[in-house]
Amino acid sequence: MINAHEKLDFRVQRWIFQQGWNSLREIQCLAIEPILSANTDVLISASTAAGKTEAFFLPAISAIADHSNGVGILYISPLKALINDQDRRLESLSDLLDIPVTPWHGDSPQSKKRKLRASPAGIVLITPESLESLLIRDAGWVKSAFSSLKYIVIDEFHAFLGSERGNHLLSLLHRLEHLLGRLKVPIPRVALSATLGDIEKVPFSLRPNQSLPCKIVRDSVSSASIQVQVRGYVNPGQITEENPADAEYQICEDLYKFCRGGNHLVFANSRARTEGIAATLSDMCEQNLVPNEFFPHHGSLSKDLRESLEKRLQQEQYPTTAICTMTLELGIDIGKVNSVVQVTAPHSVSSLRQRLGRSGRRGGPSVLRMLIAENEIQKNSNIADKLRLELIQSMAMIRLLISDKWFEPADTSLYHFSTLLHQILAVIAQWGSIRAAQLFNLLCREGPFRHITLDSYKALLKHMGATELITQLGSGELVLGVQGERITGHYSFYAVFKTPEEYRIVSGSKALGTLPIDSLVLVGQHIVFGGKRWLVKDIDTDKKTIYVEHAKGGRPPRFGGSGMSVHDIVRQEMFNIFCKGDYRIHYEGQKIDFANKEARALFQEGAHFFNDAGLRENAIIQDGANTAILTWKGDKTVNTIAALLSMHGFEVGNFAGVIEVIKASAADVVEALCNSAKSELPDATELAQSVPEKRVDKFDEFLPDELLAIGYGARAFSLRGAKSWLGSHFS
DNA sequence: GACCTGCTGCGGACTG
């Protein structure tokens with residue numbers, strides 16, 4: 001293995017030498033053989049900044065170095081920004097070997113695209129949506145330009161796994177192999193990622209039909225140390241002289257202390273909170289007469305504002321702290337930061353893991369602070385507050401990440417009917433016409449939509465015919481209908497994910513970003529946006545533009561959004577912590593306490609309530625006129641139990657995993673659940689039929705009701721989870 | 001209490 005690099009092209013070896021590298025990293029050595037062999041898929045899993053991209057490109061470029069014509073490597077990325085980063089990073093290596101690199105996405109220069117069209121060669125960096133547009137508009141060119149394609153590499157593979165967009169990507173790759181006549185001799189796929197849960201199963205998601213084996217390459221367990229602290233804050237019920245500041249302001253005061261003078265990332269979980277915190281911190285700088293070094297970063301901010309912040313972080317010339325959402329979670333090139341701060345509990349352990357990977361400079365420890373606010377307990381406080389569930393969830397996630405090295409695997413069992421409908425339209429648009437059976441083979445039997453039965457497929461085609469998306473010719477061939485022509489003809493067709501209608505926010509001639517159309521902003525209102533304070537001067541509904549100018553005061557606008565789902569394992573860990581009365585982590589015979597004084601006190605309050613209420617033995621407790629159910633299961637199971645009770649005629653609320661049955665006695669609820677445990681339960685589809693609004697994804701509006709219910713049921717409910725919980729408590 | 005991602009081709013204004 002020491003000499004693994006000798007198998008690389010001598011010019012690649014010279015490039016490695018020029019970089020001043022003494023040796024290749026472990027995964028880079030391990031990846032050389034399987035990639036050069038070109039007879040297997042490869043999964044490269046290694047921590048952030050461990051050199052995954054080079055682990056692929058060094059051998060892959062060696063393999064195509066003497067490739068004379070046609071594109072040799074197709075690189076696919078979830079982000080345009082990542083394509084631009086890779087284009088820069090590949091420059092010196094590709095120059096040395098005289099291999100052209102072409103970034104191909106909506107914002108990349110037409111001149112480069114024209115050049116590739118005239119003489120296809122080298123490496124193409126593309127998004128799934130641009131690949132879709134190429135297949136629909138110019139499949140003939142794709143067929144010749146990619147005829148000798150040697151590798152397909154997918155960056156940040158976890159960002160695709162299990163999602164509508166991920167299934168779109170897999171379908172595109174299968175259609176590409178089909179077009180190139182490579183179904184029998186598939187093109188090797190290489191997936192790069194730092195965060196893949198349940199990694200042994202991921203090869204089935206990289207190539208669902210398993211027509212090629214997959215080699216997993218990963219680095220040995222990293223020994224990088226982690227420093228972590230959870231800090232607690234109490235949000236007073238009323239602002240008084242004794243309690244002069246709400247929790248968010250206290251948190252900002254601490255952020256100002258921790259972060260000023262260094263480079264940090266503060267993940268605040270919502271765009272509104274991100275804006276609020278950034279504006280408060282910037283005010284603090286102003287009050288203290290120091291230059292501002294706190295800036296927001298999220299998906300609604302203009303590209304301009306985002307890129308200038310990314311550049312500022314990367315250059316490290318001025319101390320800079322970004323208050324951000326998940327936009328800075330993926331591998332955009334900002335370098336490593338001194339520390340990562342998480343304000344409010346993270347949504348998942350895997351996202352916490354991605355975020356933590358952003359800190360740890362020059363082999364130093366990763367530093368994570370978690371700042372959690374809980375409400376002061378009042379007479380009418382709810383059970384989630386009394387149990388301090390947000391704090392406990394944060395502690396559970398830290399334990400899972402550090403002690404168990406566990407994080408959520410992607411859910412790859414869903415149907416993705418919306419994306420199947422999109423692909424039916426896309427394939428017909430690409431080919432002009434196709435037989436129904438051929439289409440089923442391509443997308444469902446051989447392609448990625450393997451969960452979908454022939455009956456569901458037939459029902460979908462029938463409904464698409466009835467709504468004029470497609471038409472069947474006398475010969476039996478399917479072609480686009482009037483509506484299908486209209487939808488596929490518009491550029492917005494290429495993406496499978498939904499985006500809400502938005503207003504642009506403009507100050508003078510400068511675009512600041514966008515706001516969803518239902519955010520209820522009014523003329524004369526003061527808002528916070530881009531970390532600054534503004535007065536809304538005018539709203540032009542025709543041009544969908546909000547005009548603002550600088551002002552004082554104001555609150556962040558509403559951005560909207562939908563909830564996220566907590567995993568079974570996280571809730572079980574929370575229950576374990578309560579049962580043991582201890583959240584500390586065992587390490588080398590010691591117990592490590594990662595909470596500060598305030599967080600410890602809040603934990604004790606939650607633990608007392610847990611014990612006093614007898615929650616270790618009882619899942620159901622009377623709460624005034626209501627009854628609360630604590631299943632300590634993930635949201636899919638909780639949703640299912642809540643839906644079952646709702647079918648029994650109960651009025652049910654569900655917050656933070658606690659089911660609240662309104663105006664019902666514990667005895668009545670227990671009786672209903674006992675009956676459920678004994679009887680045949682409805683299936684997930686039947687439960688979904690009682691949900692009034694099931695349209696979530698982009699093309700759901702075109703689906704027949706029966707498929708909408710099947711898709712929604714599989715996503716929202718877990719009958720298996722509900723049965724097992726009912727079985728263990730009521731039989 | 002609530003995240004993120006992407007797509008076209010053309011016309012018109014502006015710059016060198």
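What's counted below: heavy atoms across the whole structure, side chains too, no hydrogens, waters or symmetry copies. Below, read A as the first sequence line, B as the second, and so on, with proteins coming before strands; counting in each chain starts at 1. In this text the structure is predicted, and so the values were computed from the model without any measurement.
- Residue A/R271 contributes atom CZ, which lies 9 Å from atom P of B/dT5 at whole-angstrom precision.
- Note on A/S133: only backbone sugar-phosphate atoms sit closer than 4.0 angstrom, heavy atoms only; bases stay farther off.
- Residue A/H298 is classed as a sugar-phosphate contact, given heavy-atom separations below 4.0 Å to backbone atoms only.
- With 3.5 Å as the limit, one finds no donor-acceptor pair spanning the side chains of A/D697 and A/H416.
- Residues A/T419 and A/N167 bring no donor and acceptor atom of their side chains to less than 3.5 Å of each other.
- With distances taken from any side-chain atom of A/T325 to the nucleotides B/dC3, B/dG6, B/dC7, the minimum falls on B/dC3.
- Between the CD1 atom of A/I136 and the P atom of B/dT8 there is a distance of 11 Å, given to the nearest Å.
- Nucleic acid contact for A/H490: none, since no nucleic acid atom lies under 4.0 Å from a heavy atom of the residue.
- For the residue pair A/S339 / A/H264, a side-chain donor-acceptor distance below 3.5 Å is found, with atom types taken as modelled.
- In this structure, A/M326 atom CE and B/dC4 atom P are separated by 8 Å, rounded to whole Å.
- Listed nucleotides: B/dA2, B/dC7, B/dC4. Nearest to the side chain of A/T327: B/dC4.
- Nucleic acid contact class of A/Y494 (heavy atoms, under 4.0 Å, all strands): sugar-phosphate only.
- Across the protein-nucleic acid pair, A/N375 atom CG and B/dG1 atom P stand 7 Å apart, rounded to whole Å.
- The aromatic rings of A/Y415 and A/F417 lie parallel to each other, with less than 30° between the two planes, well short of the 60° mark.
- A/L135 has its CG atom 16 Å from the C1' atom of B/dT8, to the nearest Å.
- Note on A/R306: only backbone sugar-phosphate atoms sit closer than 4.0 angstrom, heavy atoms only; bases stay farther off.
- Here the P atom of nucleotide B/dC3 and the CZ atom of A/F160 are 21 Å apart, to the nearest Å.
- Nucleic acid contact for A/T499: base, since at least one base atom lies under 4.0 Å from a heavy atom of the residue.
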